[in-house]
Number of protein chains: 2
Amino acid sequence: MTTFNKNFSDDEYRRRIAKTRTAMDAAGLEAIVVCDPSNMSWLTGYDGWSFYVYQGVVLTQSGDPVWWGRAMDAVGAGRTVFMDGADHIRGYDDTYVQNPEKHPMSDLAGLLTELGLSKARIGVELDNYYYSAKAHMTLSDELPEARFADATGLVNWQRAVKSPTEIEYMRRAARIVEVMHERVLELAEPGLRKNDLIAEIYATAIRGAEGHWGDYPAIVPMAPSGLDATAPHLTWDDRPMQAGEATFFEIAGAHRRYQCPQSRTLFLGDVPQKYRDAESAVLDAIDAGLEQAKPGNQAQDIANAFNATLNKAGFEKDSRCGYAIGISYPPDWGERTISFRRGDTTVLEPGMTFHFMPALWLDDGGLEITEPILITEASHECLCNTPRELWVKR
Amino acid sequence: MTTFNKNFSDDEYRRRIAKTRTAMDAAGLEAIVVCDPSNMSWLTGYDGWSFYVYQGVVLTQSGDPVWWGRAMDAVGAGRTVFMDGADHIRGYDDTYVQNPEKHPMSDLAGLLTELGLSKARIGVELDNYYYSAKAHMTLSDELPEARFADATGLVNWQRAVKSPTEIEYMRRAARIVEVMHERVLELAEPGLRKNDLIAEIYATAIRGAEGHWGDYPAIVPMAPSGLDATAPHLTWDDRPMQAGEATFFEIAGAHRRYQCPQSRTLFLGDVPQKYRDAESAVLDAIDAGLEQAKPGNQAQDIANAFNATLNKAGFEKDSRCGYAIGISYPPDWGERTISFRRGDTTVLEPGMTFHFMPALWLDDGGLEITEPILITEASHECLCNTPRELWVKR
């Protein structure tokens with residue numbers, strides 16, 4: 001039997017597990033149950049679009065982690081996780097799937113009991129898409145003697161500093177988002193149906209770049225024009241691009257689940273002065289923010305420098321201007337840990353990666369010029385070489 | 001200000017709301033808070049990739065529903081929902097976003113109090129991706145006098161029978177998945193990198209068909225080959241297609257968020273007899289299942305007929321063989337209500353739509369030949385005309 005190409009060495013998984021165990025120990029946890037697909041993948045290598053049913057990874061203070069999920073997905077686990085042996089892959093039967101009569105967490109309770117954890121202090125990700133209110137109620141009802149603690153973000157925080165291999169994958173994703181933007185510039189013109197443009201952007205993402213294949217971005221390409229671009233998260237339809245409108249392209253390249261988002265804005269036709277003013281303000285504010293992007297500084301230093309410069313130019317942004325990035329699954333390409341905003345005192349370290357995302361939504365359109373960055377020993381590095389400016393096609 | 005193209009008439013939204021209120025009344029609920037993006041969209045028209053942060057729709061027994069979400073997304077709500085007026089769109093400030101110090105559900109509690117619901121009996125979707133354990137804990141802590149009840153699936157069940165416009169959108173999605181399969185047959189050959197094929201499938205999906213634009217499918221195209229196809233949910237990489245291998249294509253067309261999934265399997269080279277045997281068993285079993293697909297029968301009748309025929313031919317399938325489909329957002333394109341499996345006694349009605357999904361995963365590959373269907377007054381209709389057989393290219 002051929003083995004699936006693993007993305008990382010067993011050693012790397014074991015280092016991640018050791019790091020996570022230290023954090024578990026500090027939190028007084030004998031075990032964690034991780035349902036976030038990004039955390040599952042980071043700890044074990046598991047990769048599949050099966051997160052629409054309940055699944056998780058159980059990690060204790062000894063031995064290899066146990067993958068738990070739907071029986072049909074245990075096969076995919078066998079082809080992707082680093083652990084050997086059926087003991088570390090456990091499937092539940094299909095009658096548990098989307099059936100109001102029984103809940104998969106009852107099956108997980110059985111597994112935790114079998115692992116000797118029915119009275120343990122167990123960390124669960126209370127604030128995660130893939131651990132619902134009902135999941136937690138069921139699991140706690142079934143294990144009345146266990147003590148549950150909130151372990152939201154516990155694994156996510158271990159992911160903040162990337163390994164050399166992870167950085168290599170993010171660089172490949174950076175090459176991919178660069179060619180996606182090049183394709184936008186090549187094709188966009190008045191009259192082009194937006195969905196036809198998105199089709200090309202998506203195809204470019206998946207073909208990849210420099211011989212490295214593209215994985216699916218954790219968020220679909222977003223490219224609203226005109227008034228739709230006053231809102232950040234509208235997806236496309238078939239209305240054609242028009243002269244006199246700005247369109248922002250909030251898109252990401254992805255490689256082996258590592259995400260590199262980057263946004264640019266394209267104006268078709270003659271640019272009104274207010275867009276030039278906004279561009280100039282944002283570019284200055286990005287420079288000011290980037291100057292603070294170095295080890296030892298705090299996450300909020302970047303936001304504060306960015307906002308001070310932006311405000312001086314007469315613009316305001318009341319949302320965070322960046323967040324940690326890395327491995328991710330839908331619905332979010334961020335790591336949900338560090339944010340660039342006032343009050344986030346996380347100290348920056350070499351190997352951390354962020355999407356510096358200083359988007360402005362104006363009253364008649366949007367301006368997004370953003371940079372994925374890596375904190376280096378000396379200061380930082382922009383992962384992409386995409387020209388940093390408001391793009392214009394006449 | 002131009003208004004966003006709405007997908008349905010206001011009347012249709014009001015009919016949906018009236019239907020939902022009847023169900024709320026039967027369940028003794030004064031209000032529901034709906035966080036499932038499909039339910040939010042079905043009730044109000046809201047459409048945006050913003051479900052990675054907390055958001056919801058509040059519906060009481062009178063007046064229009066209230067959209068609640070992140071302040072920056074309130075703009076997108078204004079451009080997509082049918083309700084007028086700022087009273088029906090409420091945003092929370094950005095410091096609530098992914099911040100362990102404060103939870104958006106505290107803001108929602110304030111809104112519910114303002115709406116006079118602090119002591120009401122409120123239905124929440126306890127078993128949903130977008131209503132986490134922490135969300136429920138926060139909301140119940142903040143509203144100690146409210147009585148919360150599980151309303152998981154309450155709105156989903158109202159969606160089961162489709163309106164004529166919804167059926168029209170699903171037919172358009174059906175045309176799209178047909179052309180996606182045609183493109184597969186055209187391009188697939190030994191040596192083709194899988195990601196290059198997926199790029200073409202995806203682009204075809206988004207370009208659309210017969211002049212109707214393609215929306216993003218709620219699940220990415222899955223097309224595993226050989227041993228990877230023994231598992232149902234592995235996504236692609238760049239390994240080239242090979243002669244002697246089967247590849248299944250589990251893909252969906254989508255139009256205005258309505259999903260039409262359909263799977264086919266392609267064998268490159270000479271087909272081993274076991275695949276022919278499996279094909280013949282599945283085709284007979286599909287016929288047997290479809291014979292039961294008519295109003296008045298139960299969902300389980302289809303599964304029982306399918307399984308009986310399949311077993312007679314010496315094959316077994318221990319997972320459900322179908323589920324309800326319609327409007328959907330990631331991570332699932334099903335409606336999470338009716339399943340084709342033993343014990344599901346739901347009575348079929350005209351206007352219901354399903355993915356009859358009798359996939360077989362064998363020890364050395366997979367065989368998926370599936371049909372999206374519509375229950376009609378007389379019996380049923382297959383939504384797609386894709387040739388129903390194991391495809392072979394030599």
Side-chain angles (χ1 to χ4, degrees), chain A residues 1-2 5 47-52 72-73 75-76 79 93-94 97-98 100 126-137 150 152-153 193 195-196 198-200 202-203 206-208 213-214 216 219-220 222 227-228 230-235 237-238 318-320 330-332 336 339 361, chain B residues 1-2 5 47-52 72-73 75-76 79 93-94 97-98 100 126-137 150 152-153 193 195-196 198-200 202-203 206-208 213-214 216 219-220 222 227-228 230-235 237-238 318-320 330-332 336 339 361:
Chain A
M1 174 168 158
T2 56
N5 285 321
D47 184 26
W49 189 294
S50 54
F51 39 86
Y52 68 92
M72 65 165 69
D73 293 317
V75 185
R79 298 189 66 70
D93 86 68
D94 215 66
V97 173
Q98 298 178 357
L126 290 178
D127 208 5
N128 194 275
Y129 315 107
Y130 300 104
Y131 191 71
S132 72
K134 178 77 175 184
H136 186 60
M137 287 175 180
D150 191 1
T152 305
R193 296 194 313 169
N195 63 308
D196 286 335
I198 297 283
E200 289 298 324
Y202 229 131
I206 295 171
R207 281 187 206 111
W213 60 281
Y216 58 93
I219 302 181
V220 294
M222 291 182 289
L227 284 170
D228 283 343
T230 60
H233 297 120
L234 298 180
T235 52
D237 57 23
D238 62 349
D318 54 10
S319 48
R320 63 178 180 171
D332 191 7
R336 296 184 302 284
S339 290
W361 295 285
Chain B
M1 175 169 157
T2 56
N5 285 322
D47 184 27
W49 190 295
S50 54
F51 40 86
Y52 69 92
M72 67 165 68
D73 293 317
V75 186
R79 298 190 64 72
D93 86 67
D94 216 65
V97 173
Q98 299 179 357
L126 290 178
D127 207 6
N128 194 275
Y129 315 108
Y130 300 103
Y131 191 73
S132 73
K134 179 79 175 182
H136 186 61
M137 287 174 180
D150 190 1
T152 304
R193 294 194 314 169
N195 63 309
D196 287 334
I198 297 283
E200 290 298 325
Y202 230 131
I206 294 171
R207 282 188 205 110
W213 60 281
Y216 58 92
I219 302 182
V220 295
M222 291 182 290
L227 284 170
D228 283 344
T230 60
H233 297 119
L234 298 180
T235 52
D237 57 22
D238 62 349
D318 54 11
S319 47
R320 65 179 179 168
D332 190 8
R336 296 182 304 283
S339 289
W361 295 284

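A, B, ... follow the sequence lines: proteins, then strands. Residue 1 opens every chain. Because the structure is predicted, anything quoted here is derived from the model rather than measured.
- Looking only at heavy-atom pairs under 4.5 Å with chain A, the residue among B:Gly153, B:Ser339, B:Ala203, B:Gly208 that has the most is B:Ala203.
- Both the backbone and the side chain of A:Tyr131 have a heavy atom closer than 4.5 Å to some heavy atom of chain B.
- To the nearest 0.5 Å, the span separating CE on B:Met137 from CG on A:Leu126 amounts to 4.5 Å.
- A:Arg207 and B:Arg193 make their closest contact through O-NH2, 3.0 Å (heavy atoms, listed as atom of the first residue, atom of the second, distance).
- Under the side chain to side chain contact (heavy atoms under 4.5 Å, CB included) criterion, B:Ser132 pairs with A:Asp127, B:Tyr54, B:Lys134, B:Ala135, not counting sequence neighbours.
- Atom CE of A:Met222 sits about 9.5 Å away from atom OH of B:Tyr216, to the nearest 0.5 Å.
- Closest non-hydrogen pair, A:Asn195 versus B:Gly214, comes out as ND2-N, 4.0 Å.
- Taking the side chain as every heavy atom from C-beta outward, B:Arg320 and A:Gln98 approach each other to under 4.5 Å.
- Side chains of A:Pro331 and B:Tyr130 form a contact here, defined as non-hydrogen atoms less than 4.5 Å apart.
- Of all non-hydrogen atoms in B:Met72 and A:Pro232, the two that sit nearest each other are O-CD, 3.0 Å.
- For chain A, the nearby part of B:Trp361 is the side chain; its heavy atoms alone come within less than 4.5 Å.
- The part of A:Asp150 that comes within reach of chain B is its side chain, from C-beta onward, which places non-hydrogen atoms under 4.5 angstrom from that chain.
- Across every non-hydrogen atom of A:Leu234 and B:Gly76, the tightest pair is CD2-CA, 3.9 Å.
- Considering only residues two or more places apart in sequence or on other chains, B:Arg336 meets the salt bridge (charged side-chain N to carboxylate O under 4.0 Å, His left out) condition with B:Asp36, B:Asp332.
- Counting heavy atoms from C-beta on, the side chains of A:Asp318 and B:Asp94 never come closer than 4.5 Å.
- Ranked by non-hydrogen atom pairs under 4.5 Å with chain A, the options B:Val220, B:Ile206, B:Val97, B:Thr230 are led by B:Ile206.
- Between B:Tyr202 and A:Tyr202, the ring planes lie parallel to each other; the angle is under 30°, not in the 30° to 60° tilted range.
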